[in-house]
Amino acid sequence: MDTFSNSDLRRLTGAPQGPCVSIFMPTHTAGPDGQQDTLRLKNLLVQAERGLIDRGVRAPEAKKLLDPVRDLPAEHEFWEKRSRGLAVFVTEGMWSRFRVPLLLLESVVVNQRFQVKPLLPLIGVNDQYFVLALSQNRVRLLEGRQFSMSELRVDGLPRDMAQALNYDASQRPMLAHVTARNQPGKGSAVVYGMGGERELAKEDLAQYFRVIDGALREPLRDQRAPLILAGVQYLLPIYREVSGYSHLADEELAGNPDHLSEHELHARTWPLIRARQEQTRQEAVAKYRKLAGTGKTLDDLHRIVPAAQQGQIDSLFVDRTAHRWGLFDAATGDVTVRSSATPERGDDDLLDYAAVETLLHRGVVYAVAADENPAPPAAALLRY
């Protein structure tokens, strides 16, 4: 799987205008059906070449423009690591391909700029979050996204409690867990001392967590992403008491996380973030409906497109499968929307353009199904 980030969006939108070819197709994640994927790409390249010629590009130049992509079907290592979808972008002097975990609909768009709307679920809404996996014996800070998670290296972050508090082996505190009666699977912490071992007190834990919080202060200084705590239930409220991070999530992952892999932690925490995002989307829909008719919302592409280009849009709802072809003159603000579903030469997908401009101006884009859009095909909440 390849990542598609805001930096990739900026690189693609910064490419010289036209002719730009955008190719999208579903792919098989594994198995012998993968051979169909290379054949599908070859067929789509034929469509792309025809589209270039229809836009006035001479046949030899169209063929030359697509030559870098023609070698892709022969790259066996590339196809061995395919995901659910493939996006290919090519123009004079540059080309990029992304294996993405989205089931993309097959399409070819030849335009004056790249089409990126099919990939908006990867970047339209900020999906960044953190997980702090805590125990006596291990500490990890991980960064998560919708489709991935990785551990971050943090200078000064202790390996465990003993290192944080400079305990030697004979002083190492112990924390045991028992299962509460009539509550299978739910652990309650008990504290005890045995022999020469120190008793694990709340203040020991608080001091341990202060060391952790201090190490995280710099890497999290300018962050606003939610941080989910993962650990046995007894520890989490103590960490909350000492933490200086103002975006701790209310959601928690209870249980000992020491033996959970990055993949397992992601599988258990992403649903918590997804629920938060859905709530945020529903709140944005409710806000749109409340403000509709007050001058703080737009549902007409003739006004949405220039507002997006001027950075006026806070949140944009856009139909993820629809196209609205037409022209936009940035100098005058004039917008022409075609009534036909077929683009004319020189047309742009105005939905795609509005979404890209909203993102480039740090707005939020919800690429949704038509029945989830408060005013399909596009609805906007304005900043001012």
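Keep in mind it's a predicted model, so treat the numbers as computed, not measured.
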**Prompt:** Relative to the ring of F328, is the ring of Y353 parallel (under 30°), tilted (30 to 60°) or perpendicular (over 60°)?
**Reply:** tilted
**Fill in**
Smallest heavy-atom separation, L122 atom then F147 atom, equals CD2-CE1, 3.3 Å
**Item:** Nearest heavy atoms of W79 and L86, plus distance in Å
**Value:** CH2-CD2, 3.8 Å
**Asked** Which pair of heavy atoms, one from Y129 and one from R145, lies closest together, and at what distance?
**Response** CE2-N, 3.9 Å
**Request:** For residues S150 and E262, report the shortest heavy-atom separation together with the two atoms involved.
**Result:** CA-OE1, 3.7 Å
**Message:** Hydrophobic cluster membership, with links at side-chain heavy-atom distances under 4.5 Å among I/L/V/M/F/W/Y: are V131 and Y239 in one?
**Reply:** no
**Prompt:** Rounded to the nearest 0.5 Å, what separation is found between the CE atom of M161 and the CG atom of N137?
**Reply:** 10.0 Å
**Request:** Taking atom CZ of R303 as the centre, report whether more than 12 heavy atoms of other residues, nucleotides or ligands fall under 6.0 Å from it.
**Result:** no
**Prompt:** Do L12 and L119 belong together in a cluster built from hydrophobic side chains that touch within less than 4.5 Å?
**Reply:** yes
**Prompt:** To the nearest 0.5 Å, how far apart are CG in L272 and CD in E252?
**Reply:** 10.0 Å
**Request:** Name the orientation class of the two ring planes belonging to H323 and W325 (parallel below 30°, tilted from 30 to 60°, perpendicular beyond 60°).
**Result:** parallel
**Message:** For the CG atom on D155, are there more than 12 heavy atoms of other groups (residues, nucleotides or ligands in this structure) within a distance under 6.0 Å?
**Reply:** no
**Complete:** Tightest non-hydrogen contact, residues P226 and R276, listed as CB-NH2, 3.7 Å
**Message:** If hydrophobic clusters are built from ILVMFWY residues whose side chains come within less than 4.5 Å, do V109 and L102 share one?
**Reply:** no
**Least distance between heavy atoms, L235 atom then F209 atom** = O-CE1, 3.5 Å
**Request:** Indicate if I228 and F130 have the same hydrophobic cluster label, given that clusters are the connected sets of ILVMFWY residues with side-chain heavy-atom separations under 4.5 angstrom.
**Result:** no
**Request:** Scan for salt bridge (Lys or Arg N to Asp or Glu O under 4.0 Å) pairs involving residues 68-77, sequence neighbours excluded, and state none if there are none.
**Result:** E49-R70, D67-R70, E77-K81
**Request:** Determine, using the 4.5 Å side-chain heavy-atom cutoff (strictly less than), whether V242 and L165 are members of one ILVMFWY cluster.
**Result:** yes
**Request:** For E92, look at atom CD and say whether over 12 heavy atoms of other residues, nucleotides or ligands are found less than 6.0 Å away.
**Result:** no
**Prompt:** Is R324 salt-bridged to D352, cutoff N-O under 4.0 Å?
**Reply:** no
**Item:** Sequence neighbours excluded - ring pair (Phe, Tyr, Trp, His ring centres under 6.0 Å) pairs with any residue from residues 272-319
**Value:** F317-Y366
